[in-house]
Peer 1: 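Pasting a structure below so you can have a look.
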Amino acid sequence: MADELICACRKRRAGGFDLDASLRIGLFESPVSVLFGPSGAGKTTLMRLLAGLEEPDSGAIRFRGETWYDSARGLCLPPQRRRAGFLFQDYALFPHLTVAANVAYAARPEKARAAMETFGIADLAARRPRELSGGQQQRVALARALAAEPALLLLDEPLSALDAPARARMRQDLRHMLRDSGVPSVVVTHDRVEALALGDRMAVMLDGRVAQEGPVQEVFRRPAGAAVAEAVGMENVIPAAVAAREAGLATVRVGQAQLQALDTEREPRWACIRAEDIAVARHAPEGSSVRNLLAGRVQSVALEGALARVELDCGFPVVAAITAQSAADMNLRPGDAVFAAVKATAIHLTA
């Protein structure tokens, strides 16, 4: 029996939105998978199709060798037969029930007790949802979902109901809880930090399609095209054309400059560079192995917590992320002449 979740289905909305999603997740190798993309990309619609809360117009969904939906056979299993736990954005706790009663809903008593211990909410058993913080409500909702012994756990923007400090605290907690549960999970998010913190594998959704699938870090570092690069927050996506190839390196024209990058052996249209991979210096570094050194001028400097976002004009716009301390030490100001250095390995060429 294949340990996979396979979905290839279509769904047209009344407003004209057309979901045409093809997804294949290896459940053993990817305990936590992320559906990532901007609002309106179709992530929640796809989750509802997987859960059986909506029916596709056509296609098929299979989970671990069992067919959940097949339009050709006229087969559509109801949600209860799929045994997919669904954690909604607002957690959907029963307001009139205690924590203990919420967790015990549709669960065996021993499983409910174990889930409350696992998620550290046993001391909240007699409280009702209105008496809980956002983080506590999330733990109760997750305990309830897992106490029902689902085959698959689906989480729709699980941290969106929390304020920023609570989200930061809960990311790693949620990651550990999902990994330790032993239940494969699919998480919907449009937040890049959450995708990186929670997922083993991710699928980027754009305009109702899965634009790229792969390990989380691989997708973020090597996006398949400019649209995916923009979606995953790649700060520098610059038109580029190959000028020469030699010894595994490609020399590409970027504006009036030339950069060396690892050769993909394809004809790229874009050079993608993460802001944190660009170093900024007042003077050209001596004895450096960095292949790409660009002269430029500072356009702006904006502090973002421990980092500073430095916008440069190097004949084309460049965004670098350096430590706030480095920016202060160099006393960077708009108009200052600087050098931007980037390694060949940090430049991703894509069509």
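Heavy atoms only: backbone and side chains are in, while hydrogens, waters and symmetry mates are out.
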Peer 1: Quick check against the 3.5 Å criterion: does Glu235 have a side-chain atom that pairs as donor or acceptor with the backbone of Ala275?
Peer 2: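 Yes: the side chain of Glu235 pairs with the backbone of Ala275.
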Peer 1: Between Ile347, Val319, Asn236, Val232, which is the residue that forms a side chain to side chain contact (heavy atoms under 4.5 Å, CB included) with Arg274?
Peer 2: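 The option that passes is Val232.
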Peer 1: With a 3.5 Å distance limit and no angle check, can you tell me whether Tyr91 reaches the backbone of Pro158 through a side-chain donor-acceptor pair?
Peer 2: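 Present.
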Peer 1: Is a side-chain donor or acceptor of Asn102 paired with a backbone partner of Phe94 at a separation under 3.5 angstrom?
Peer 2: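 The answer is yes, because a donor-acceptor pair under 3.5 Å joins these two groups.
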Peer 1: Out of Leu35, Leu178, Leu174, which one pairs with Val187 under the side chain to side chain contact (heavy atoms under 4.5 Å, CB included) rule?
Peer 2: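 Result: among Leu35, Leu178, Leu174, Leu178 is the only option passing the side chain to side chain contact (heavy atoms under 4.5 Å, CB included) with Val187.
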Peer 1: The criterion is salt bridge (charged side-chain N to carboxylate O under 4.0 Å, His left out); which residues satisfy it with Glu131, sequence neighbours excluded?
Peer 2: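 Glu131: no salt bridge (charged side-chain N to carboxylate O under 4.0 Å, His left out) contacts found.
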Peer 1: Would you say CD of Glu304 has more than 12 non-hydrogen atoms from neighbouring residues, nucleotides or ligands within 6.0 angstrom?
Peer 2: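 Correct, the count exceeds 12.
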Peer 1: Around Glu110, counting heavy atoms of other residues, nucleotides and ligands shown, do more than 12 lie under 6.0 Å from its CD?
Peer 2: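 Yes, because the 6.0 Å sphere around CD of Glu110 holds more than 12 heavy atoms from other groups.
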Peer 1: Which salt bridge (charged side-chain N to carboxylate O under 4.0 Å, His left out) pairs, counting each pair once, include a residue from residues 196-212, with sequence neighbours left out?
Peer 2: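 Listed once each, the pairs are Asp18-Arg209, Arg175-Asp200, Arg179-Asp200.
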Peer 1: Between Asp57 and Arg12 (side chain of the first, backbone of the second, donor and acceptor by atom type, cut-off under 3.5 Å), is there such a pair?
Peer 2: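 At least one qualifying donor-acceptor pair exists.
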Peer 1: So which heavy atom on Asn292 is nearest to which on Gln258, and how close?
Peer 2: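 Taking every non-hydrogen atom into account, OD1-O, 4.4 Å.
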Peer 1: Name all pairs fulfilling the salt bridge (charged side-chain N to carboxylate O under 4.0 Å, His left out) condition that reach into residues 22-36, sequence neighbours left out, sorted by first residue then second.
Peer 2: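 Qualifying pairs: Glu4-Arg24.
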Peer 1: Side-chain contact test, heavy atoms from C-beta onward, threshold under 4.5 Å: evaluate it for Ile322 versus Met330 and give yes or no.
Peer 2: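 Heavy-atom side-chain distance check passes, below 4.5 Å.
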Peer 1: Quick check against the 3.5 Å criterion: does Thr264 have a side-chain atom that pairs as donor or acceptor with the backbone of Leu262?
Peer 2: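 No: the side chain of Thr264 does not pair with the backbone of Leu262.
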Peer 1: Please identify each residue that fulfils salt bridge (charged side-chain N to carboxylate O under 4.0 Å, His left out) with Arg82, with sequence neighbours left out.
Peer 2: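 With neighbours one apart ignored, the set is empty.
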Peer 1: Scan for salt bridge (charged side-chain N to carboxylate O under 4.0 Å, His left out) pairs involving residues 32-53, sequence neighbours excluded, and state none if there are none.
Peer 2: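 Sorted result for residues 32-53: Arg48-Glu54.
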Peer 1: Closest approach of Ala143 and Ala115, non-hydrogen atoms and distance?
Peer 2: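 Reported closest heavy-atom pair: O-CB, 3.7 Å.
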Peer 1: Look at atom CZ of Arg245 and say whether more than 12 heavy atoms of other residues, nucleotides or ligands are closer to it than 6.0 Å.
Peer 2: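 Enclosed: over 12 neighbouring heavy atoms sit under 6.0 Å from CZ of Arg245.
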Peer 1: Give a yes or no on whether a salt bridge exists between Arg167 and Glu157, defined as a side-chain N under 4.0 angstrom from a carboxylate O.
Peer 2: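 No, no charged N to carboxylate O under 4.0 Å.
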Peer 1: Please give me the minimum heavy-atom distance between Ala340 and Ile278, naming the atom from each residue.
Peer 2: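 Where Ala340 meets Ile278 most closely, the heavy atoms are CB-CG2, 3.9 Å.
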Peer 1: To check you understand the geometry: which heavy-atom pair defines the closest contact between Pro150 and Val183, and what is its length?
Peer 2: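 Taking Pro150 first and Val183 second, the nearest heavy atoms are O-CG1, 3.7 Å.
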Peer 1: Once side chain to side chain donor-acceptor pair (under 3.5 Å) is applied, what residue pairs with a partner in residues 313-336 remain, sequence neighbours excluded?
Peer 2: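 Listed by first then second residue: Arg282-Asp336, Thr323-Ser326, Gln325-Asp329, Asn331-Arg333.
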Peer 1: Backbone N or O of Asp20 within a donor-acceptor pair of the Arg10 side chain at under 3.5 Å?
Peer 2: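 Flag not set: sc Arg10 to bb Asp20 has no pair under 3.5 Å.
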Peer 1: Got a donor-acceptor contact below 3.5 angstrom from the Gln256 side chain to the Gly315 backbone?
Peer 2: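 The answer is no, because no donor-acceptor pair under 3.5 Å joins these two groups.
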Peer 1: Closer than 3.5 angstrom, by distance alone: can the side chain of Ser71 be matched with the main-chain N or O of Gly59 as a donor-acceptor pair?
Peer 2: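 Flag set: sc Ser71 to bb Gly59 pair under 3.5 Å.
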